[in-house]
Amino acid sequence: MCTVTLSYDHNNALARRKLAALLSTGLFKPTIIDVEEASPEEVQVHRQLVEAFLNHSKSSMSHIIARSV
């Protein structure tokens with residue numbers, strides 16, 4: 001199983017509709033990490049996943065960004 005992390009403006013109606021449409025397909029399920037209720041190990045794993053996602057995103061987009069600068 002893979003994890004996809006999305007960032008969006010929760011005030012943007014179009015973004016909320018698109019997210020709802022994506023989730024309604026049943027292909028994806030939301031995973032909510034409540035830091036207050038999660039164990040320290042779960043919080044650490046979540047932080048590592050977020051950091052890995054950001055690092056991969058930066059490295060995979062660097063050539064695209066470099067062309068537009």
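When reading the values below, keep in mind they use all heavy atoms of this one structure, side chains included, and skip hydrogens, waters and symmetry mates.
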Peer 1: By side chain to side chain contact (heavy atoms under 4.5 Å, CB included), which residues pair with L19, not counting sequence neighbours?
Peer 2: L6, Y8, L23
Peer 1: Through direct or indirect side-chain contacts below 4.5 angstrom among Ile, Leu, Val, Met, Phe, Trp and Tyr, which residues connect to L14?
Peer 2: none
Peer 1: Can you name the residues that form a side chain to side chain contact (heavy atoms under 4.5 Å, CB included) with A20, not counting sequence neighbours?
Peer 2: none
Peer 1: Could you pull out all residues at least two apart from V45 that satisfy side chain to side chain contact (heavy atoms under 4.5 Å, CB included)?
Peer 2: L49
Peer 1: If I take atom CZ from residue R16 and atom CG from residue N11, how far apart are they, to the nearest 0.5 angstrom?
Peer 2: 7.0 Å
Peer 1: I'd like to know if the side chain of S57 and the backbone of F53 have a donor-acceptor N/O pair within less than 3.5 Å.
Peer 2: no
Peer 1: According to side-chain hydrogen bond (donor to acceptor under 3.5 Å, both in side chains), who are the partners of E41, at least two apart in sequence or on a separate chain?
Peer 2: S39
Peer 1: Applying side chain to side chain contact (heavy atoms under 4.5 Å, CB included), name anything that partners T25, two or more places apart in sequence or on another chain.
Peer 2: L27, F28
Peer 1: Of H46, Q48, R47, which is the lone residue that meets side-chain contact (heavy atoms from CB on, under 4.5 Å) with V50?
Peer 2: H46
